Amino acid sequence: MFRFSAIQEVFSSPHIRNICIFTAAVRIVSALVFADFTTDYYWEYGEIGKNILQGKGYSFYYFKDEVLRHRVTDTTEPFPSAYMPPGYVAFLLPFLTIESNVTRNIFIILAHIVISVITVVILYTFTRCHFSEKTSIVSGYLFSIIPDFLYAVFSYTPTVLFFCGTLSILTLTASASSVRSVVILGTLISVMIYLRSEFVIFLILILGVYAYRNEWKKLIYIASMVIVLQTPWVIRNYYVFDAFIPFTTSTGLNLYRGNNPDDIAAWGNTTTNDQVKALSRNVRFELSYDSLFFRHAVNYIKENPIRTIERIPEKLFDLWLFNRHSDRTHWYYNTYCILFFLLFIVGIRRSLSRNHLYVYLFFLYFSLVVSVFFCLPRYQTMMRIGMIPFAAVGIEYFLALFKNRFRTMF
C-alpha cells in the first residue's frame, strides 16, 4: 500500500538521484538534437491560446476561401470554441506571451523536462510500493530512454502532463482514505479531464470499483470534486453556445474518424466537406459541425454493424502494438513497439495481482476509447506509462534467464 511517507523513503534511496539526473540529461540532449526551437505552432492548443491573447476569446475554426482553417492570423475572426478542453491551453498561455519563438520553446521544453523528472520520481515510488525495489530501478531507467517519451518532451502536447497526472492518480486510487487524500485525488482527476476529456471514462471505471466495494464516501467526495471543478467550463460553454457541453465539441468528429466509409482516422470526404461549407457560420458553428459528423458516424454504424465490429481489433492493434494509420512511424519504431509489447506481456503474466486492479482499469479505459472512436498516435504513448512496470518485470525475467544460461555455459 502506498503511504505519503513512501516519498520520503524514496529520496533515501541511492538510485533515485541518478535516475533523475539521467532522465533530465537524456531529455536535454534529445531536445538539442531533435527539437524544433523555431516553431510557432503548438497544435490546436497554441492556436486557441493565441486567439485568447489577441482578444478573440476561446476560439478556433474559421473559413478562408471556403476552406475550414484554424491557423491564427491577425485578420481572422474565428468561431467560439470548445473543441479542445482548456487544460493544456492554460498551461501554454504564459509561454505564449514570450515574443521570441526560440526563448518560448526553450522554456516550454524545460518545463516539460522538470515535469518528467517529477514523473520519474512518482513512477519510482509507485513501482517500489506495488512491485519491488529492483523493478522500480529498471522502470525509472526505462522511462528515461523510451523514444516516444523523449519525443513527448518537445511535441508541445499535454502528453508529459498526462504521464505525471496518471501516475499520481494510480498511486492514490487504492490507498486514498483520508478526506485530504480523496480531495487531492478528485482534484487530479478533474485536472486530467481538463487535459484529455476522454479521461472521464477512467473516472467512471474507478467510481464503479468504489461502488462495488461500498466505498461510497470516496465515490461521493471524488464525484463532487470533479463536478465542482468542471462547472466553470460547463457554465462558460452554456453562456457561449446556449447548450450543455460538459467536455468538448469534438465527440462527433472523433466518432466519425473511427466509424466512416473511407478508412480509420479519415477526416471526411467530398460529401462531408460540402456539407461543412453549407453550415451556418455563427457562434454555434462547432455544434453544427460536430453534429454533422456525429450523424454520419451513427448512420455508418447502423448500416455497417459487421464492419464496425470488425474494425475494433484493427483499432486495438493500433493501440497495443503500433499505429498503422500514422505516417510518422517507421519500421524501426514499429519493431521497438513490438519488443516493448512482448516485454509487457511477459511482465504482466508474471506479476498478476489484485493490487494492480486500477492499472488494469487504465488499460481498459484506453481500449474502450479506441474501440468506440479510434487510436490517435499519442494514445499508445499515453497508455505506455502504465505498461512500464510490467515491461520492467519482463526485462528482469529475461536478464535472469540469460544470466542463468550464461552460468551453465561456463
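If you're wondering where the values come from, they're calculated on a predicted model, not measured in any experiment.
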By the definition side-chain contact (heavy atoms from CB on, under 4.5 Å), identify the one residue from E44, R69, M84 that meets it with F60. E44
Identify every side-chain donor-acceptor pair in residues 91-100 under 3.5 Å, counting partners at least two apart or on other chains, and give the distances.
{"from": "T97", "atom 1": "OG1", "to": "P94", "atom 2": "O", "distance (Å)": "2.5"}
{"from": "S100", "atom 1": "OG", "to": "T103", "atom 2": "N", "distance (Å)": "3.3"}
{"from": "S100", "atom 1": "OG", "to": "T103", "atom 2": "OG1", "distance (Å)": "3.2"}

Within the 3.5 Å criterion, strictly below it, is a donor on D318 or Y379 matched to an acceptor on the partner's side chain? no
Answer yes or no on whether R180 is positioned over the face of Y221, meaning its NZ or CZ is under 6.0 Å from the six-membered ring centre and within 45° of the axis. no
Name the orientation class of the two ring planes belonging to W233 and Y58 (parallel below 30°, tilted from 30 to 60°, perpendicular beyond 60°). perpendicular
Check: G57 main-chain N/O paired with N51 side-chain donor or acceptor under 3.5 Å: no
For a 4.5 angstrom cut-off between non-hydrogen side-chain atoms, does F247 reach V234? no
Evaluate the ring planes of H296 and F293, with Trp represented by its six-membered ring, and classify them as parallel (under 30°), tilted (30 to 60°) or perpendicular (over 60°). tilted
Those residues at least two apart in sequence (or on a different chain) that pass side-chain contact (heavy atoms from CB on, under 4.5 Å) with D40 are Y42, K50, N101, R104
Pair K315 + E310: basic N to acidic O under 4.0 Å: no
Could you label the plane-to-plane angle of the F363 and Y360 rings as parallel, tilted or perpendicular, counting under 30° as parallel and over 60° as perpendicular? tilted
Once the angle between the rings of H356 and F131 is folded into 0 to 90°, is it parallel (under 30°), tilted (30 to 60°) or perpendicular (over 60°)? parallel
